[in-house]
Number of protein chains: 2
Amino acid sequence: MPKEEFNPLALKEQICFPIYATSRLITRLYQPLLDEIGLTYTQYLVMMVLWENDNQKVTEIGNRLFLNTNTLTPLLNKLIQKKLISKQRDESDERAFIVTLSEEGKAMKTSAECIPEKLAQSVDIPLEEVALVKSAMWKFLNSVRD
Amino acid sequence: MPKEEFNPLALKEQICFPIYATSRLITRLYQPLLDEIGLTYTQYLVMMVLWENDNQKVTEIGNRLFLNTNTLTPLLNKLIQKKLISKQRDESDERAFIVTLSEEGKAMKTSAECIPEKLAQSVDIPLEEVALVKSAMWKFLNSVRD
DNA sequence: TCATAATATATCGCATGCGATATAAAATCA
DNA sequence: TGATTTTATATCGCATGCGATATATTATGA
């Protein structure tokens, strides 16, 4: 039996690759559900942040999603075109913009409420593992945030 | 004390979001290391697949990485421009292309060997959790593959 | 207070990802 | 065998992500 050398560059050994691939595949699972309400995955994330707390600054949304304005600005402009949100200057800080849900944007929350449940059904991972993964990922995210 | 409604659309409840955010953040951690050998993260993944097994078809590489040719073709062309790989028609199947490492491509493996170790140092997650996350992600990936 | 630094947002360019579609070659089947 | 289907790759268009840079506004400090 030949001695198996440990190959640190083997795909199976990587930390990031399975996370990267899983992220893309789950996003793909979301797409048919999101098509029904006309959102992309990232647009859906922004809407979720606003459904939790309306009237947030661009940077606050970015902090929640780990996204910078170079990604958010074009994305928010598309949501404005779709009349789901609007943007006004913060009167107490003329540099900042505050993002606000429109009535259509608020109403969309009702149509979106079934999506997490439907997605969970199509993802076949035991509940305890989902909890473990979520906890480990959030631990990492919070450690990077600081 | 007000009763807390369960909000299925809260960011904290999502499965995909922490995976998606972690994937992007780890990729960002790779970038300074990959800059030293002049690769992007996805290009690095392709090279890893070829370092494990040279002379693979485009589709075989795609299967390993869960990527289609619409992503791989331009990416492989960039690696050809960098003279790290080459592409020849498969003589037994004229539809297919076989991707082969150049001498530079093979040599690059030596420079890359330190990267996994260096990355692991900058990612602050306990080893058991890394193993759990990897196992759960791969279980999901394999379940989707079929 | 006035120059300097920090902060909020925007813009540019490049590299993905991916659905939809096109093309050519191989496999299958009536 | 000739038509149909499947498979391998390529192309197009759109939507991110993000490093680098620019601009405007606010905060800070000599």
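Note: hydrogens, waters and symmetry copies are ignored here, and every other heavy atom, side chains too, is used. Chain identifiers are assigned alphabetically (A, B, ...) following the order of the sequence lines, protein sequences preceding nucleic acid strands; residue numbering begins at 1 within each chain.
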Side chain of [X]: nearest nucleotide among [options]?
X        : options                   : value
Thr69(A) : dA10(C), dG19(C), dA8(C)  : dA10(C)
Thr42(B) : dA10(C), dC18(D), dT16(C) : dT16(C)
Asp93(B) : dT16(C), dT9(D), dA26(C)  : dA26(C)
Arg28(A) : dA15(C), dA25(C), dG19(C) : dG19(C)
Thr73(A) : dA15(D), dA26(C), dT9(C)  : dT9(C)
Lys57(B) : dA25(C), dT9(D), dT16(D)  : dT9(D)
Thr71(B) : dT9(D), dG17(C), dG17(D)  : dG17(C)

- Item | Parallel, tilted or perpendicular, as decided by the 30° and 60° cut-offs, for the rings of Tyr41(A) and Tyr30(A) |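 Aromatic pair Tyr30(A)/Tyr41(A) classed tilted.
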Interatomic distance where [atom1] belongs to [X] and [atom2] belongs to [N] [whole Å]:
X        : N       : atom1 : atom2 : result
Leu76(B) : dA8(D)  : CG    : P     : 15 Å
Lys87(A) : dA8(C)  : NZ    : P     : 15 Å
Gln43(B) : dA15(C) : CD    : C1'   : 8 Å
Gln31(B) : dC14(C) : CD    : P     : 16 Å
Asn77(A) : dC12(C) : CG    : P     : 13 Å
Leu67(A) : dA10(C) : CG    : C1'   : 15 Å
Ile61(B) : dG17(C) : CD1   : C1'   : 17 Å

- Task: Just call it for Leu75(B): base, sugar-phosphate, or nothing, with non-hydrogen atoms closer than 4.0 Å on any strand.
- Result: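 Sugar-phosphate contact only - Leu75(B) comes under 4.0 Å of backbone atoms but never of a base.
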- Message: Base, sugar-phosphate or nothing for Asn70(A)? Non-hydrogen atoms, less than 4.0 Å.
- Response: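 Since a base atom lies under 4.0 Å of Asn70(A), the category is base.
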Looking only at atom types and distance, does a side-chain atom of [X] sit under 3.5 Å from a main-chain N or O of [Y], one as donor and one as acceptor?
X        : Y        : answer
Arg64(A) : Val49(A) : no
Thr22(A) : Pro18(A) : yes
Thr27(B) : Ser23(B) : yes

- Message: Regarding dT9(D), can its base be found pairing with the side chain of Arg95(B) as donor and acceptor, where the two atoms are less than 3.5 Å apart?
- Response: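 Side chain to base: no pair below 3.5 Å.
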- Query: Can you name the one residue among Gln88(B), Lys87(B), Gln56(B) that meets side-chain hydrogen bond (donor to acceptor under 3.5 Å, both in side chains) with Thr100(B)?
  - Reply: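 Answer to the side-chain hydrogen bond (donor to acceptor under 3.5 Å, both in side chains) test with Thr100(B) among Gln88(B), Lys87(B), Gln56(B): Gln88(B).
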- Message: Assuming nearest nucleotide by heavy-atom distance, tell me which of Glu60(A) and Leu25(A) is located more 5' along DNA chain C.
- Response: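 On the 5' side of the pair lies Glu60(A).
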